[in-house]
*Asks:* 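Encoded as C-alpha cells, here's the structure I'll be asking about.
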Amino acid sequence: MLDRELLNITIEKFGLEVSDDAFFRLDKYAEMLVETNKSFNLTAITDVEGVTVKHFADCLSIFGFADIPDNSTLIDVGTGAGFPGLVIKLFRPDVNVTFLDSTKKKLGFIESVLNETEMTGETVHMRAEEAAVLPKYREKFDFATARAVAALPVLSEYCLPFVKTGGKFISMKSADIAEEVQAANSAIRILGGETESDNLFSLVENVPRRIIVVKKKSQTLTKYPRKTAQIAKKPLK
Ligand code: SAM
C-alpha cells in the first residue's frame, strides 16, 4: 500500500530511513487503514501518495524535531486512527506508546493493528481532560503528542498535565497558525511549560507543516485540566 521510495525520499530530510522490518509493519497498518475505512470512516485520505506522505511521512517528521530516547513513554492524545502514535510505535517499537481517544471504535482499530504487527500498547478510552487527573496517567509520560485535535491553548491544557517535569509536549499542526501559537504562550506558561522550538517546514512542496515542542519546566497545578465545558468556554490565556 505504501510507496517505500516516496516515503524514504520524504523523510530523508529528517535524517530518517525505514528499515525492512519497520516498513513491513507500517505497510500492514496502511493496508488495514484503507481496508477498514471502507466500512468505518477513519481517514479522508486513501490514495497511495496521500497516505504515504500526508499520514506516514508527516507523522515520522516528529523525529526530525524531537529526540525521543530509547524506551521513552509517550501518550498520543486524540490519536484517532493512530496518528502519530501508531506510526511512532511501528517505527520505533522500543517507545512505550499509550493511545488515548474519546472514540472507542477507533481504539479498536488500533488494537487490531497492534495485534497484527505483534506490537503492544495501552489504549485508553477517555477524554484527555478526564484521564489527566487520574494518578495513573498524571505527569507519568516523557512525551505527549497530538495531531489535529484542538487549538493550541486548549490542546496544551489537555496534554501538558500528562507530561513529567523535564518531558515534552509535541504538537503537530498545519503551518498557518501564527495567532494560535501567540495565543497559547501564556496558557503554556500557566500549565508549567515553555516553548522550546517552533518549527516551520515543508513536508513536500506546497505542504507546509509546523511542529511546536514545549518543555515541561514545572508541575502543573492540580486545578488543571479544568472540566470540559470550562476549557471550551474559557481557554487559558
Ligand atoms: N490525531 C489523529 C490524526 O491526526 O489523524 C486524529 C485527529 S481527529 C481530527 C481528532 C481526534 O481527537 C478524534 O479521534 C477525537 O475523538 C479526538 N478527541 C478530540 N477531543 C478529545 C479529547 N478531549 N479527549 C480525547 N480525544 C479527543
Side-chain angles (χ1 to χ4, degrees), residues 2 26 29-30 32-34 36-37 40-47 50-63 65 74-91 97-114 121-134 136-138 141 143-163 169-175 177 180 184 187 191 203 207-212 220 224-236:
L2 292 176
L26 293 166
Y29 172 23
M32 290 175 76
L33 176 78
V34 172
T36 308
N37 200 54
F40 170 45
N41 185 25
L42 292 168
T43 175
I45 303 169
T46 53
D47 63 295
V51 172
T52 300
V53 173
K54 292 189 177 162
H55 282 323
F56 286 75
D58 186 38
C59 292
L60 288 170
S61 70
I62 211 164
F63 290 103
F65 302 97
L74 181 150
I75 184 163
D76 188 29
V77 174
T79 188
F83 299 115
L86 194 48
V87 175
I88 292 171
K89 181 69 194 176
L90 301 184
F91 183 68
V97 180
T98 298
F99 304 89
L100 179 136
D101 204 282
S102 53
T103 306
K104 193 166 183 172
K105 216 166 160 191
K106 293 183 183 172
L107 295 174
F109 168 71
I110 291 175
E111 283 162 8
S112 38
V113 178
L114 289 171
E122 186 185 357
T123 54
V124 181
H125 175 221
M126 286 183 90
R127 289 193 66 85
E129 59 277 34
E130 289 165 2
V133 300
L134 302 179
K136 184 175 180 201
Y137 301 117
R138 189 174 183 87
F141 297 90
F143 295 90
T145 54
R147 187 183 84 155
V149 176
L152 200 52
V154 168
L155 192 60
S156 301
E157 190 164 351
Y158 289 167
C159 292
L160 272 167
F162 287 114
V163 182
F169 156 44
I170 307 168
S171 170
M172 309 187 72
K173 292 275 182 184
S174 56
I177 56 152
E180 189 183 314
L191 295 159
L203 192 54
V207 183
R209 288 283 187 264
R210 193 162 189 152
I211 290 187
I212 297 142
T220 303
Y224 303 114
R226 297 164 295 158
K227 300 265 186 243
T228 308
Q230 269 177 296
I231 298 176
K233 204 167 144 198
K234 269 194 141 190
L236 287 175

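Along the sequence shown, residues carry numbers from 1. Here the structure is a predicted model, which means the values were calculated and not measured. Each ligand, and each atom within it, is numbered from 1 in the order the structure gives.
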*Asks:* Please confirm whether F162 and F169 have ring centers closer than 6.0 angstrom.
*Replies:*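 So the answer is no for these two rings.
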*Asks:* Please say whether more than 12 non-hydrogen atoms of neighbouring residues, nucleotides or ligands are located less than 6.0 Å from NZ in K173.
*Replies:*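 Above 12, so yes.
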*Asks:* For R226 and E129, work out which heavy atoms get closest and say how close.
*Replies:*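 Distance-wise, the nearest heavy atoms are O-CB, 3.9 Å.
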*Asks:* Within a strict 4.5 Å, meaning less than it, do heavy atoms of the L74 and I88 side chains meet?
*Replies:*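 Sidechains of I88 and L74: in contact.
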*Asks:* Have H55 and T43 got a donor and an acceptor in their side chains that come within less than 3.5 Å?
*Replies:*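 Looking only at side-chain atoms, T43 and H55 do form a donor-acceptor pair, the distance falling under 3.5 Å.
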*Asks:* Collect the protein residues that have a non-hydrogen atom under 4.0 Å from ligand 1 and hand them over in chain and number order.
*Replies:*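 Ligand 1 is contacted, at a heavy-atom distance under 4.0 Å, by G78, T79, G80, F83, L100, D101, S102, T103, K106, M126, R127, A128, E129, R147, A148, V149, Y158.
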*Asks:* Checking D101 against M126 for the side-chain contact (heavy atoms from CB on, under 4.5 Å) test, could you report, in this order, the C-alpha distance in whole Å, the side-chain angles of both residues, the deciding distance, and whether it holds?
*Replies:* CA-CA 6 Å; D101 204 282; M126 286 183 90; over 6 Å; no
